[in-house]
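Positions are given from 1 along the sequence. Atom set for the values below is all heavy atoms of this structure, side chains included, hydrogens, waters and symmetry mates excluded. Just so it is clear, the model here is predicted, and its values are computed rather than measured.
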Amino acid sequence: MSDTTYTPPRVWKWEPGNGGQFANINRPVAGATHEKPLPVGKHPLQLYSLATPNGVKVTVMLEELLEKGITAAEYDAYLIQIGEGDQFGSGFVEVNPNSKIPALMDHSVNPPQRVFESGAILLYLAEKFNAFLPADPAKRTECLSWLFWQMGSAPMLGGGFGHFYAYAPEKYQYPIDRYTMEVKRQLDVLDRHLADNRFMAGDEYTIADMAIYPWYGALVKNRVYEAAEFLEAHTYQHVIRWTEEIDARPAVQRGRMVNRTWGEPSEQLPERHDASDFDQLQINN
């Protein structure tokens with residue numbers, strides 16, 4: 001243990017700029033920082049997001065609903081550039097007072113319904129369209145248990161491991177060891193479960209898979225944090241099998257493109273307003 005010892009003061013004081021890669025958007029208070037209304041497109045469902053793992057959950061869900069033939073799930077997806085502070089605009093804060101993506105407005109109901117937190121959005125859409133949520137009470141409970149497992153576990157992966165391993169301005173052994181141990185334990189939880197189950201809730205693909213896949217599937221495929229080797233991700237064979245099966249789904253492939261502004265140009269669709277946008281993307285690339 002070689003980290004410099006830190007003695008907390010009696011009262012913590014915020015030092016702007018102290019926080020690594022995302023220091024410019026981190027602050028200890030909530031609320032809007034500027035006036036900026038949100039655009040509203042032609043569809044009842046309006047999504048304001050970015051293709052981080054939490055954002056991908058919802059675009060995959062919407063594309064899966066459309067793949068299923070549920071035309072009422074058509075949506076507009078607007079880009080929220082969190083690095084530029086779009087999430088602190090007045091319009092976004094009205095939809096999500098917590099200033100985190102994704103955020104959804106459903107204009108098919110009166111008054112329009114806001115939905116924030118990715119897990120809540122998945123559950124809202126599943127119940128609204130009666131899809132990807134098992135009807136059987138036991139299977140539904142299993143699905144929701146895994147959905148909430150992800151919501152509780154991923155902060156250890158993202159805000160914990162991801163921050164200290166990939167984004168912190170300085171590398172310290174203690175927090176990296178602490179969060180690496182927890183992430184490997186989580187991967188083992190998934191691997192053991194998927195050894196006996198095709199999907200998270202059994203043989204049925206559900207919102208539990210859509211919640212867990214963008215985080216842990218991306219992790220074992222080295223799409224986040226460039227940590228697959230460090231974590232020995234190749235040893236979690238059942239997680240890899242499950243990830244590759246989900247990767248192959250056309251709706252997932254589309255959902256991963258929406259609100260994406262990095263990587264290969266052919267995989268970036270910063271805004272999505274119609275199914276034909278994907279065809280146009282391929283033509284342009």
Salt bridge check, [Y] against [X]: does any charged N sit closer than 4.0 Å to a carboxylate O?
X: Arg254; Y: Glu67; value: yes
X: Arg140; Y: Glu127; value: yes
X: Glu94; Y: Arg114; value: no
X: Glu142; Y: Lys139; value: no
X: Lys42; Y: Asp274; value: yes

**Q.** Arg192 CZ: over 12 foreign heavy atoms closer than 6.0 Å
**A.** no

Between [X] and [Y], is any pair of side-chain heavy atoms under 4.5 Å apart?
X: Leu133; Y: Leu122; value: no
X: Phe132; Y: Leu65; value: yes
X: Arg256; Y: Arg223; value: yes
X: Pro270; Y: Asn259; value: no
X: Trp242; Y: Ile212; value: yes
X: Arg198; Y: Glu245; value: yes
X: Met61; Y: Thr59; value: no
X: Gln150; Y: Trp215; value: yes

Tell me yes or no: between the side chains of [X] and [Y], is some donor less than 3.5 Å from an acceptor?
X: Gln280; Y: Asn284; result: yes
X: Glu35; Y: Ser90; result: yes
X: Thr52; Y: Asn54; result: no
X: Ser108; Y: Lys128; result: yes
X: Gln46; Y: Tyr75; result: no
X: Tyr124; Y: Gln113; result: no
X: Glu271; Y: His273; result: yes

Over all atoms of both residues, closest heavy-atom pair of [X] and [Y]:
X: Met200; Y: Leu190; result: CE-CD2, 3.7 Å
X: Phe88; Y: Gly31; result: CD2-O, 4.1 Å
X: Ile82; Y: Leu50; result: CG1-CD2, 3.7 Å
X: Asn197; Y: Gly202; result: OD1-CA, 3.7 Å
X: Pro134; Y: Cys143; result: CD-CB, 3.9 Å
X: Ala30; Y: Pro97; result: CB-O, 4.4 Å

Nearest 0.5 Å, what's the [atom1]-[atom2] distance between [X] and [Y]?
X: Ile101; Y: Glu117; atom1: CD1; atom2: CD; answer: 10.5 Å
X: Met210; Y: Leu125; atom1: CE; atom2: CG; answer: 9.5 Å
X: Ser276; Y: Leu281; atom1: OG; atom2: CG; answer: 11.5 Å
X: Leu104; Y: Ser118; atom1: CG; atom2: OG; answer: 12.0 Å
X: Gln186; Y: Leu219; atom1: CD; atom2: CG; answer: 9.5 Å
X: Leu147; Y: Thr206; atom1: CG; atom2: OG1; answer: 8.5 Å

Q.
Is the distance between the ring centroids of Trp149 and Tyr216 under 6.0 Å?
A.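 Distance test on ring centres: under 6.0 Å, yes.
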
Q) Under 6.0 Å between ring centres, would you say that holds for Tyr172 and Phe164? A) no

Q) Can you list the steps and then say if Trp146 with His193 is a side-chain contact (heavy atoms from CB on, under 4.5 Å)? A) CA-CA 11 Å; Trp146 284 110; His193 179 70; 3.4 Å; yes

Look only at the side chain of [X] and the backbone of [Y], and say whether a donor-acceptor pair between them is shorter than 3.5 Å.
X: Asn222; Y: Ala228; value: yes
X: Arg272; Y: Phe278; value: no
X: Asp191; Y: Val239; value: yes
X: Glu232; Y: Glu229; value: no
X: Asp86; Y: Ile80; value: no

Side-chain heavy atoms nearer than 4.5 Å, only ILVMFWY residues, links allowed to pass through others: does that put [X] and [Y] together?
X: Val40; Y: Val109; value: no
X: Leu187; Y: Ile246; value: yes
X: Val224; Y: Met257; value: yes
X: Leu194; Y: Val189; value: yes
X: Leu123; Y: Phe116; value: no

Q | CA sep, side-chain torsions, deciding dist, call: Glu64, Tyr205, side-chain hydrogen bond (donor to acceptor under 3.5 Å, both in side chains) | A | CA-CA 11 Å; Glu64 289 282 12; Tyr205 175 67; 2.9 Å; yes

Q: Give a yes/no verdict on a cation-pi contact between Arg249 and Tyr213, requiring under 6.0 Å between NZ or CZ and the six-membered ring centre and an angle within 45° of the axis.
A: no

(Q) Whether Lys184 engages the ring of Tyr179 as a cation-pi pair (distance to the six-membered ring centre under 6.0 angstrom, angle to the ring normal within 45°) should be assessed. (A) no

**Q.** Verdict with supporting geometry, Tyr165 and Tyr225, ring-ring contact (aromatic ring centres under 6.0 Å, His included)
**A.** CA-CA 8 Å; Tyr165 180 81; Tyr225 311 135; 7.9 Å; no

